Amino acid sequence: MLIGLLTAVAASICYGTGSVLQAVGSRRAARTSPAAAGVTAHGGPNLSSTAKAAMTWEFIVGTILDFVGFGLGALAARLLPLFLSQTVISANLVITAVLSVKMLGIRLSRKEWTSIGVVCAALVLLATAAGHEGGHHAPMSTHWWLLAVTLLIIVGGTVAVRFLGARAAILAGLLSGLAFGALGVGVRVLDGIDPFDLVTLLTDPALYAILVAGVGGMYLHTVALQIGSVNGATAALVVGETVLPGAIGVLWLGDASRPGLAWLAVVGFVLAVTGAVAVAWYGNHDGAEAPAEEQVPEPVG
């Protein structure tokens with residue numbers, strides 16, 4: 001349990017730091033482009049603008065941290081109940097908010113600090129109440145359903161961003177969270193890991209659900225960071241990444257709390273999600289990011 005918790009916390013730190021660095025890179029790329037360039041007819045970023053954002057050094061470092069966080073999060077999903085591992089990992093919003101003070105020029109209000117305190121307290125409640133994780137086996141039909149739903153999330157999100165433009169920021173964040181949640185479920189049920197069997201691993205649809213969810217979720221989250229508040233996008237991601245996987249873990253995979261502490265697990269889970277959303281709700285300071293942006297010199301010519 002302790003190793004799993006430490007792994008999940010490390011993944012959260014990686015993801016939170018990566019999100020802020022990616023936001024910095026996205027904004028740097030946007031400032032070096034003409035105002036009308038890189039957008040669709042509906043105001044959303046096109047693939048070329050997203051690719052340009054991905055070429056900044058901040059975004060590259062943030063992406064490396066995401067990959068490290070992915071590996072740590074995958075390990076945590078195998079060691080902890082999903083309602084605990086996904087919630088701890090989703091607490092990266094706290095890391096995002098705190099680092100935004102320095103890197104994006106955002107000043108946190110008393111309400112935001114209170115919300116951060118609620119998230120931290122909720123994680124302590126969850127860690128206290130969590131029991132051992134359930135099983136790793138699921139019917140093969142579940143693996144196929146997971147792949148189908150993941151494809152639907154990514155394709156649907158890409159289409160929505162193209163046609164809704166800037167109005168799709170929160171939706172893109174939510175769908176990226178659902179994709180990362182599907183990734184966590186896929187890691188949990190993946191066959192061919194223990195004991196290791198390469199043929200079984202490569203023929204498991206859950207493996208391809210993990211790959212699609214990872215790449216597609218990262219793309220949708222990048223888009224959300226380009227067209228919306230970094231905290232708002234990450235808050236929507238938190239909801240998608242925690243609620244559904246946590247429910248799947250309890251209802252179908254046998255995750256459970258310690259005997260007699262189910263109520264504490266429920267309270268901790270609700271407080272963690274509510275607190276994370278509150279951090280973003282009170283932290284929508286797009287205007288406050290301007291001072292930080294002015295520190296970056298504009299390109300000559």
Side-chain angles (χ1 to χ4, degrees), residues 1 4-5 8 11-12 15 73-74 76-93 118-119 122-123 125-154 156-157 170-171 173-190 205-206 209-210 212-214 216-217 220-221 234-278 280:
M1 175 70 75
L5 278 173
S12 181
Y15 279 134
R78 302 283 295 192
L79 297 175
L80 297 172
L82 282 176
F83 70 81
L84 178 57
S85 66
Q86 295 302 110
T87 305
V88 173
I89 292 170
S90 294
N92 66 74
L93 179 60
V118 169
V119 173
L123 294 178
L125 296 181
L126 274 173
T128 302
H132 294 290
E133 80 280 3
H136 300 285
H137 176 73
M140 186 54 63
S141 59
T142 301
H143 295 221
W144 283 107
W145 273 110
L146 181 64
L147 176 58
V149 170
T150 302
L151 286 170
L152 181 62
I153 290 172
I154 301 304
I170 298 300
L171 177 61
L174 177 63
L175 291 178
S176 68
L178 289 175
F180 291 135
L183 188 154
V185 175
V187 168
R188 176 67 174 275
V189 303
L190 186 62
I210 291 170
V212 171
L220 290 177
H221 187 47
T234 310
L237 183 147
V238 164
V239 175
E241 191 176 20
T242 55
V243 176
L244 190 58
I248 290 174
V250 171
L251 295 176
W252 285 293
L253 298 179
D255 290 346
S257 60
R258 296 180 188 273
L261 292 182
W263 65 272
L264 189 61
V266 172
V267 170
F269 184 82
V270 172
L271 285 178
V273 176
T274 303
V277 172

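Start at 1 with the first residue, then count along the sequence. Bear in mind that the values here come from a model prediction, so they are computed numbers and not experimental data. Just so it is clear, the values below take in all heavy atoms, side chains as well, and ignore hydrogens, waters and symmetry mates.
Looking at Val212 and Leu151, their side chains come closer than 4.5 Å, going by heavy atoms from C-beta outward. You'll find the side chain of Leu253 reaches within 4.5 Å of the side chain of Val189, heavy atoms only. Counting heavy atoms from C-beta outward, Thr128 and Leu264 have side chains that approach closer than 4.5 Å. Here the side chains of Leu80 and Asp255 are not in contact, with every heavy-atom distance at 4.5 Å or above.
Pairing each heavy atom of Gly73 with each of Ala11, the nearest pair is N-CB, 3.7 Å. Across Val119 and Ala91, no two heavy atoms sit closer than the pair CG1-CB, 4.2 Å. Shortest non-hydrogen contact noted between Ser85 and Ala77 is OG-CA, 3.9 Å. Listed here is the closest heavy atom pair of Ala129 and Leu261: CB-O, 3.6 Å. Considering every non-hydrogen atom in both Ala206 and Gly186, the closest pair reads CB-O, 4.1 Å. When all heavy atoms of Val250 and Phe83 are compared, the pair lying nearest together is CG2-CD2, 3.9 Å.
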- Message: Please evaluate residues Val88 and Leu126 with respect to the criterion side-chain contact (heavy atoms from CB on, under 4.5 Å), reporting the C-alpha separation (whole Å), side-chain torsions for both, the decisive distance (0.1 Å), and the verdict.
- Response: CA-CA 9 Å; Val88 173; Leu126 274 173; 5.9 Å; no
- Message: Applying side-chain contact (heavy atoms from CB on, under 4.5 Å) to Leu5 and Leu84, what does each step give before you reach the verdict?
- Response: CA-CA 9 Å; Leu5 278 173; Leu84 178 57; 3.9 Å; yes
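Val267 meets the side chain to side chain contact (heavy atoms under 4.5 Å, CB included) test with Leu125, Trp263, Leu271; sequence neighbours excluded. Under the side chain to side chain donor-acceptor pair (under 3.5 Å) criterion, Gln86 pairs with no residue at all, not counting sequence neighbours. Leu244 pairs by the side chain to side chain contact (heavy atoms under 4.5 Å, CB included) definition with Leu178, Ile248, not counting sequence neighbours.
With hydrogens and angles disregarded, a donor-acceptor distance shorter than 3.5 Å links the side chain of Arg78 to the backbone of Arg188.
We find the OG1-CH2 distance between Thr150 and Trp145 to be 12.5 Å, quoted to the nearest 0.5 Å.
The aromatic rings of Phe180 and Tyr15 sit tilted relative to each other, their planes meeting at an angle between 30° and 60°.
Just one of Leu174, Leu171, Leu175 meets the side-chain contact (heavy atoms from CB on, under 4.5 Å) condition when paired with Leu220; it is Leu175.
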